[in-house]
Visitor: 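Would you mind keeping the following structure in view while I ask a few things?
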Amino acid sequence: MRVGVLTGGGDCPGLNAVIRAIVRKGEREYGDELVGFRDGWRGVIEGRTSPLDVERCRGILPRGGTILGSSRTNPYRIEGDVRRALDTLADMKMDALIAIGGEDTLGVAHRLGQDGASVVGVPKTIDNDLSATELTFGFHTAVQICVDAIDRLHTTAESHDRVMVCEVMGRHAGWIATYAGLAGGAAEILIPEQPFDIAEVTDRIRRRHERGRYASIVVVAEGATPKEGTLALASGERDQFGHVRLGGIGAVVATEIERRTGYETRVTILGHIQRGGTPTAFDRVLATRFGIAAIEAVHDGAFGHMVALQGGHVVRVPLEAAVAELKTVDPGDFARVAGPFFG
Ligand code: F6P
């Protein structure tokens, strides 16, 4: 078969491991010809490709990023782009396409499947917010990067008796903040699923310091939301899928903590450091399992499906189910596990 592969949306550690697994099994076991589309859906629209074979994939397993490039291009935004994308697949005689991406990329994969393309999806995102899969690769690595940073923030916070606000990614889901905050021993974790009242947060921090605690780490998810009317936030630009560009809430929270408590407060925004560099061993293995399962799905003709992790097993789920709604942190569960460590 001729099988196209693309990586779309924000990159994350483990993408190259998926590509390598698809190519290895596709070429060696099925005798496939693999073709890489450059820069996500943009490469399909414009017909820009790179050859993919086992030789070209040597050494990429531990490399972050994606050898194919990525973009947040949405073919359903500009008239004619869907037609161009379908024509590219037909002109290049592609039997199948494997789309590795998050909610947006897989949403396009689902629609393009309905419009006639033979697509299989692979879930990726550091945000871990995709339904139908218990985990996405990239998440584990991002959390570990955050925890390493928080461990370092702890020691300097203690030296100076400071509050350290650490802003992490995750878009509208608090998975990274919750895992990193719990693993890093944060005094406060602010997530989108549980709107916060800054007055309550600062009261708890004050009580903690009055009991003689030196230093508090406050982990803030970039999408954390204040309770209505409690704290004003500026809103950012939007991308091609209509998502607001998040980031900056950490500085607002830090300013407010210092103003209300008088404790010296600093902010660290981890930003794209969370997406860069080598994947953890866990993510390399999960990405490899997903890549193998994706090329198997292609050969079984399981188009319109995504590979997913459920109960520790890699299974296939309809793409529709994967993109129907975001997987978010259950506020009840969060309060039960994280609550006892606050205040
Ligand atoms: O979806 C992954 C993610 O890293 C989000 O956590 C974050 O909000 C967004 O992408 C940042 O996107 P960009 O790389 O376009 O700034």
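Model, not experiment: these values are computed from the prediction. Note: hydrogens, waters and symmetry copies are ignored here, and every other heavy atom, side chains too, is used. Counting starts at 1 for both ligands and their atoms, in listed order.
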Visitor: Is a salt bridge present between Asp87 and Arg83, judged by a nitrogen-to-oxygen distance below 4.0 Å?
Guide: yes
Visitor: Check each N or O atom of ligand 1 against all protein N or O atoms and list the pairs under 3.5 Å, with atom names and distances to 0.1 Å, one per line.
Guide:
from     : atom 1 : to     : atom 2 : distance (Å)
ligand 1 : 1 (O)  : Asp127 : OD2    : 2.7
ligand 1 : 4 (O)  : Arg275 : NH1    : 2.8
ligand 1 : 6 (O)  : Asp127 : OD1    : 2.7
ligand 1 : 6 (O)  : Gly170 : N      : 3.1
ligand 1 : 6 (O)  : Glu222 : OE2    : 3.3
ligand 1 : 8 (O)  : Glu222 : OE1    : 3.4
ligand 1 : 8 (O)  : Glu222 : OE2    : 2.5
ligand 1 : 10 (O) : Arg72  : NH2    : 3.0
ligand 1 : 10 (O) : Arg275 : NH1    : 3.1
ligand 1 : 12 (O) : Arg72  : NH2    : 2.8
ligand 1 : 14 (O) : His272 : NE2    : 2.9
ligand 1 : 14 (O) : Arg275 : NH1    : 2.9
ligand 1 : 14 (O) : Arg275 : NH2    : 3.0
ligand 1 : 15 (O) : Arg72  : NE     : 3.1
ligand 1 : 15 (O) : Arg72  : NH2    : 3.3
ligand 1 : 16 (O) : His272 : NE2    : 3.1

Visitor: Please step through side chain to side chain contact (heavy atoms under 4.5 Å, CB included) for the pair Glu188 and Ile205, ending with a clear verdict.
Guide: CA-CA 8 Å; Glu188 290 288 329; Ile205 291 175; 4.3 Å; yes
Visitor: For Gly9 and Lys124, work out which heavy atoms get closest and say how close.
Guide: C-NZ, 3.8 Å
Visitor: Out of curiosity, does Ile273 fall in the hydrophobic cluster containing Phe137 (side-chain heavy atoms, cut-off under 4.5 Å, transitive links)?
Guide: no
Visitor: Side chains of Arg38 and Ser71: is there a donor and an acceptor less than 3.5 Å apart?
Guide: no
Visitor: In a table with atom names and distances, give each donor-acceptor pair under 3.5 Å that connects a side chain of residues 90-101 to protein atoms at least two apart or in another chain.
Guide:
from  : atom 1 : to   : atom 2 : distance (Å)
Asp95 : OD2    : Arg2 : N      : 2.7

